[in-house]
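Proteins get letters first, then strands, A, B, ... in listed order; numbering begins at 1 in each.
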There are 2 protein chains.
Amino acid sequence: MRQIKHPPIDQVELTDIMYALSDPARIEIVGRLAQAGRQMTCGELDLNRPKSSMSHHFKILRAAGIVETVIDGKEHLNSLRLAEIEEKFPGVLNAVLKTICLSASISNEQ
Amino acid sequence: MRQIKHPPIDQVELTDIMYALSDPARIEIVGRLAQAGRQMTCGELDLNRPKSSMSHHFKILRAAGIVETVIDGKEHLNSLRLAEIEEKFPGVLNAVLKTICLSASISNEQ
DNA sequence: TCCATAGTTCGAATATTTTGGAACTATGGA
DNA sequence: TCCATAGTTCCAAAATATTCGAACTATGGA
């Protein structure tokens, strides 16, 4: 496993995104990433659940095109695919982020 | 059964909304209501599925605070709770509606 | 009053998700 | 080379969701 695969944004469906964001654990991961505004490891984003459960949630966030993970040594660095999602589904993720963390600093606000 | 009960908007969670919109059938119902811009009966919103299946989807949309249903004679008139959702989760539903039906005419656009 | 219409509720079958332990992979450091 | 760390994958159990037929409720019209 060299790098983790992510779906091209154009094959992500809106329902995938809605589904990924319908779970409190996943919403929290996304909120924390947005608030941090930087890459974070899975460890930093830990929610007191077993690693296999966390891994499952990251997998769904990746499949929904929301989170991008790059391998760096023995850590996995996660970030939000903000720009791509904004282009394909304008306003959707931004509005969600505003709701879950008012302090989220997203570049392209209206 | 006199009138159908709906949750007050302040006890609707964002995850409820995301969940409700993670199903293609439900997204379609919402999109059609938005596009029509008027109340529609369940019959009009039929998606070629058994009535009990449709009823299930309407129930979830109501529980998520997205759809409001009032009984009128033997019909149930459905509409979107646009203003309430916009107030509680600004931009979220509007952005989704823009994605699923570009022609949706929502009042408070940015 | 009887019937058709419009939907809901119930219940069971099926399908999908979630959870978490255990085993695995990859990396970096001692 | 050996070990600890960071995650993933695999698997099975438990929980949730979906589907849809059948029975039910309410209304309005004949």
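Each of A/K51 and A/G73 lies near DNA chain C, and the nucleotide nearest A/K51 is the one positioned closer to the 5' end. Mapping B/S52 and A/S52 onto DNA chain C by nearest heavy atom places B/S52 at the nucleotide closer to the 5' end.
In this structure, B/R26 reaches the D/dT18 phosphate: one of its side-chain N or O atoms is under 4.0 Å from OP1 or OP2. Between C/dT19 and A/H57, a contact under 4.0 Å exists linking OP1 or OP2 to a side-chain N or O. Side-chain N/O atoms of A/Y19 include none lying less than 4.0 angstrom from OP1 or OP2 on D/dT16. For the OP1/OP2 pair of C/dT8 and a distance below 4.0 Å, the side-chain nitrogens and oxygens of B/S55 include at least one atom meeting the criterion. Side-chain N/O atoms of B/R49 include none lying less than 4.0 angstrom from OP1 or OP2 on D/dG21. Under 4.0 angstrom from either OP1 or OP2 of D/dT18 there lies no side-chain N or O belonging to B/S53.
Distance CD (A/Q3) to P (C/dT25): 19 Å, rounded to an integer number of Å. Counting to the nearest Å, the P atom of D/dC20 and the CE atom of B/M54 are 11 Å from each other. Summarising the geometry, the separation between CG on B/L47 and P on D/dT18 is reported as 14 Å, rounded to the nearest angstrom. Atom CD1 in A/I60 sits roughly 8 Å away from atom C1' in C/dT18 (whole-Å rounding). Atom NZ of B/K74 is separated from atom P of C/dC3 by 15 Å (rounded to the nearest Å). In this entry the distance linking CD1 of B/I71 with C1' of C/dT5 reads 14 Å, nearest Å. Put simply, CZ on A/R62 is 12 Å from C1' on D/dT9, counting in whole angstrom units. Between B/K59 atom NZ and D/dA17 atom C1' the separation is 13 Å, expressed in whole Å.
As the counterpart of D/dA15, C/dT16 is assigned, both hydrogen-bonding distances of the Watson-Crick or G-U wobble pattern falling under 3.5 Å. Across all strands shown, D/dA30 pairs with C/dT1; the Watson-Crick or G-U wobble distances both stay below 3.5 Å.
When distances run from any side-chain atom of B/H56 to the nucleotides C/dG7, D/dT19, C/dT9, the shortest one goes to D/dT19.
Under a 4.0 Å N-O distance rule, the pair A/E44/A/R38 qualifies as a salt bridge. Contact check on B/K88 versus B/E84 returns no salt bridge, with no Lys/Arg side-chain nitrogen under 4.0 Å from an Asp/Glu carboxylate oxygen.
For the pair B/R26 and B/Y19, the distance from NZ or CZ to the six-membered ring centre is under 6.0 Å and the angle to the ring normal is within 45 degrees.
Looking at A/Q39 and A/N78, their side chains never come closer than 4.5 Å, going by heavy atoms from C-beta outward.
A donor-acceptor contact closer than 3.5 angstrom links the side chains of A/R62 and A/T69.
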